A.B. asks: 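Following this message is one structure expressed as structure tokens.
Below, read A as the first sequence line, B as the second, and so on, with proteins coming before strands; counting in each chain starts at 1. Quick caveat: nothing in here was measured; it's all calculated off a predicted structure. Only heavy atoms go into these numbers, but all of them, side chains included; no hydrogens, no water, no symmetry mates.
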There are 2 protein chains.
Amino acid sequence: MRPLFHPALEDIKPDAILYALSDPERVAIFAKLAGTACGGTCSALADLGDRVIPKSSLSNHFKVLRESGLIRSERQGVEMRNQTRCAELDERFPGLVRAILTAYGQLPEQMKTG
Amino acid sequence: MRPLFHPALEDIKPDAILYALSDPERVAIFAKLAGTACGGTCSALADLGDRVIPKSSLSNHFKVLRESGLIRSERQGVEMRNQTRCAELDERFPGLVRAILTAYGQLPEQMKTG
DNA sequence: TCAACAGTTCCGAATTTCTGAACTACGGAA
DNA sequence: TTCCGTAGTTCAGAAATTCGGAACTGTTGA
């Protein structure tokens, strides 16, 4: 398995962010992660209620989120911990992530204050 | 030629907005329109400096922008006047368009105040 | 060493995007 | 009215992207 690529903050491109978050499934995943203190695993996020995302698709969603700079993934034993890069992102693109999650009606409680 | 479709404000979907603005060419077009008081025509926006967009591609970009709810197009004689729906959009998705244009470094002067 | 599990990679099918060429719509000139 | 020029749309096929099942890799525990 190749090492996971994470762009440096200054290499994060807005088009990649928007593309990643133009898919409702990825937004749902990202919003759940943003509402989780410790990182969430892939499989814990596969169930969307109305449909279970196939794991190859899930893996791809995580790759898109990771390579756009939205999340950071780290192997922890047998599973992967994923967490958002919201704080960093807000520094580089002020208000962007918040406005997007708000538009989708998926801003998690934790992000409502501040 | 089919009549042009414009979604009603309440039918505008954030995923369509983000998708439309995940393409740097469309962002450039949209930003130029947002910085133009009277509506801009297709051909006036084709030149990106480093490349001239083929007109079938341009027409498609306008269609994507229009059907996502970002712009309104109206035939005026032989040409098409296009204008953004920024005011409406800001009502429905507060801060979204501004945050996106800012992230791209393309917020026009007109939108900097207010 | 083996089994179970989390997640990734591969690869073919389906979908989407791109763009040159043909076409439609409108306005002006004769 | 007819013809011409301009603005933009639609069509069609090639190229690129996305999707997801099956096979694979890496890790832990027995």
Side-chain angles (χ1 to χ4, degrees), chain A residues 1-6 13 15-30 32-33 36 38-48 50-68 70-83, chain B residues 1-6 13 15-30 32-33 36 38-48 50-68 70-83:
Chain A
M1 193 174 48
R2 293 162 204 156
L4 302 177
F5 172 72
H6 293 90
K13 301 283 184 294
D15 56 339
I17 300 279
L18 289 240
Y19 172 74
L21 296 181
S22 68
D23 179 320
E25 288 190 349
R26 280 193 291 265
V27 174
I29 292 168
F30 181 76
K32 277 197 208 171
L33 278 182
T36 309
C38 57
T41 62
C42 279
S43 51
L45 298 164
D47 190 351
L48 254 44
D50 53 345
R51 128 181 167 100
V52 174
I53 307 175
K55 61 183 193 162
S56 59
S57 303
L58 238 204
S59 180
N60 188 57
H61 283 328
F62 276 92
K63 183 182 179 191
V64 171
L65 290 169
R66 184 166 55 237
E67 299 192 347
S68 70
L70 281 161
I71 67 172
R72 213 178 265 292
S73 310
E74 189 183 353
R75 179 150 220 155
Q76 203 137 90
V78 76
E79 63 196 13
M80 207 73 132
R81 311 306 303 192
N82 296 282
Q83 52 191 300
Chain B
M1 193 174 49
R2 292 163 203 155
L4 303 175
F5 172 72
H6 294 90
K13 300 284 186 292
D15 57 338
I17 300 278
L18 288 241
Y19 173 74
L21 296 180
S22 68
D23 179 321
E25 288 190 349
R26 279 194 291 265
V27 174
I29 292 169
F30 182 75
K32 277 198 207 172
L33 277 182
T36 308
C38 56
T41 62
C42 280
S43 50
L45 298 164
D47 190 351
L48 254 45
D50 54 344
R51 130 182 164 98
V52 175
I53 307 174
K55 61 181 192 165
S56 58
S57 303
L58 239 203
S59 180
N60 189 57
H61 283 330
F62 276 92
K63 183 182 178 191
V64 172
L65 290 169
R66 184 166 56 238
E67 299 193 345
S68 71
L70 281 161
I71 67 172
R72 212 178 267 292
S73 310
E74 188 183 354
R75 180 149 222 152
Q76 204 136 89
V78 77
E79 62 196 12
M80 207 72 134
R81 311 306 303 191
N82 296 283
Q83 52 191 298

A.B. asks: Where along nucleotides 21-30 of chain D does protein come under 4.0 Å, by heavy atom, of base (B) or sugar-phosphate alone (S), with - for untouched nucleotides?
C.D. replies: BB--SBBS--
A.B. asks: Between D/dT6 atom P and B/Leu58 atom CG, what is the distance in whole Å?
C.D. replies: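 So the CG-P distance, B/Leu58 to D/dT6, works out to 18 Å.
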A.B. asks: Heavy-atom nearest nucleotide on DNA chain D for A/Ile53 versus B/Asn60: which residue maps closer to 5'?
C.D. replies: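 This one resolves to B/Asn60.
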A.B. asks: Strictly distance-based, threshold 3.5 Å: is any side-chain N or O of B/Ser22 a donor or acceptor partner for the main-chain N or O of B/Tyr19?
C.D. replies: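 Indeed, once roles are kept as given, a pair shorter than 3.5 Å links the two residues.
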A.B. asks: Please check this pair: side chain of B/Ser68 against backbone of B/Val64, looking for a donor-acceptor N/O pair closer than 3.5 Å.
C.D. replies: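 Yes; judged by distance alone, with no hydrogens or angles, the pair exists.
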A.B. asks: How many Å lie between NZ on B/Lys63 and C1' on C/dT17, as a whole number?
C.D. replies: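 Taking NZ of B/Lys63 and C1' of C/dT17, I get 12 Å after rounding.
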A.B. asks: What is the distance, rounded to the nearest whole Å, between atom CZ of B/Phe5 and atom C1' of D/dG8?
C.D. replies: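 Computing the B/Phe5:CZ to D/dG8:C1' distance gives 20 Å.
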A.B. asks: Without swapping roles, check the side chain of B/Asn82 against the backbone of B/Gly40 for a donor-acceptor pair under 3.5 Å.
C.D. replies: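 Yes; at least one donor-acceptor contact below 3.5 Å.
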A.B. asks: When you get a sec, tell me which of D/dT9, D/dG20, C/dT8 is the closest nucleotide to the side chain of A/Arg51?
C.D. replies: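 Out of D/dT9, D/dG20, C/dT8, the nucleotide with an atom closest to A/Arg51's side chain is D/dG20.
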A.B. asks: How many Å lie between NE2 on B/His61 and P on C/dT19, as a whole number?
C.D. replies: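 About 8 Å, once rounded to whole Å.
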A.B. asks: Over how many whole Å does the gap from B/Leu4 atom CG to C/dC26 atom P extend?
C.D. replies: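 Whole-Å distance recorded here is 11 Å.
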A.B. asks: Let me confirm one number: the CD-CG distance from A/Glu67 to A/Asn60, rounded to the nearest 0.5 Å.
C.D. replies: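 Answer rounded to 0.5 Å: 9.0 Å.
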A.B. asks: Between C1' on C/dG28 and CD on B/Glu79, what's the gap in Å once rounded to a whole number?
C.D. replies: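 Rounded to the whole Å, the gap is 14 Å.
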A.B. asks: Could you state the CD-C1' distance from A/Glu74 to C/dA6, rounded to the nearest angstrom?
C.D. replies: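 The distance from CD of A/Glu74 to C1' of C/dA6 comes to 16 Å, rounded to the nearest Å.
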A.B. asks: When the distance from CG of B/Asn82 to C1' of D/dT9 is rounded to whole Å, what number comes out?
C.D. replies: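 After rounding, the gap between these two atoms is 13 Å.
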A.B. asks: How about A/Lys32: does its NZ atom have over 12 heavy atoms from other parts shown lying under 6.0 Å from it?
C.D. replies: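 Buried by this count: over 12 neighbours within 6.0 Å.
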A.B. asks: Contact between B/Lys55 and B/Cys42 at the side-chain level, heavy atoms closer than 4.5 Å - yes or no?
C.D. replies: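 No, side chains not in contact.
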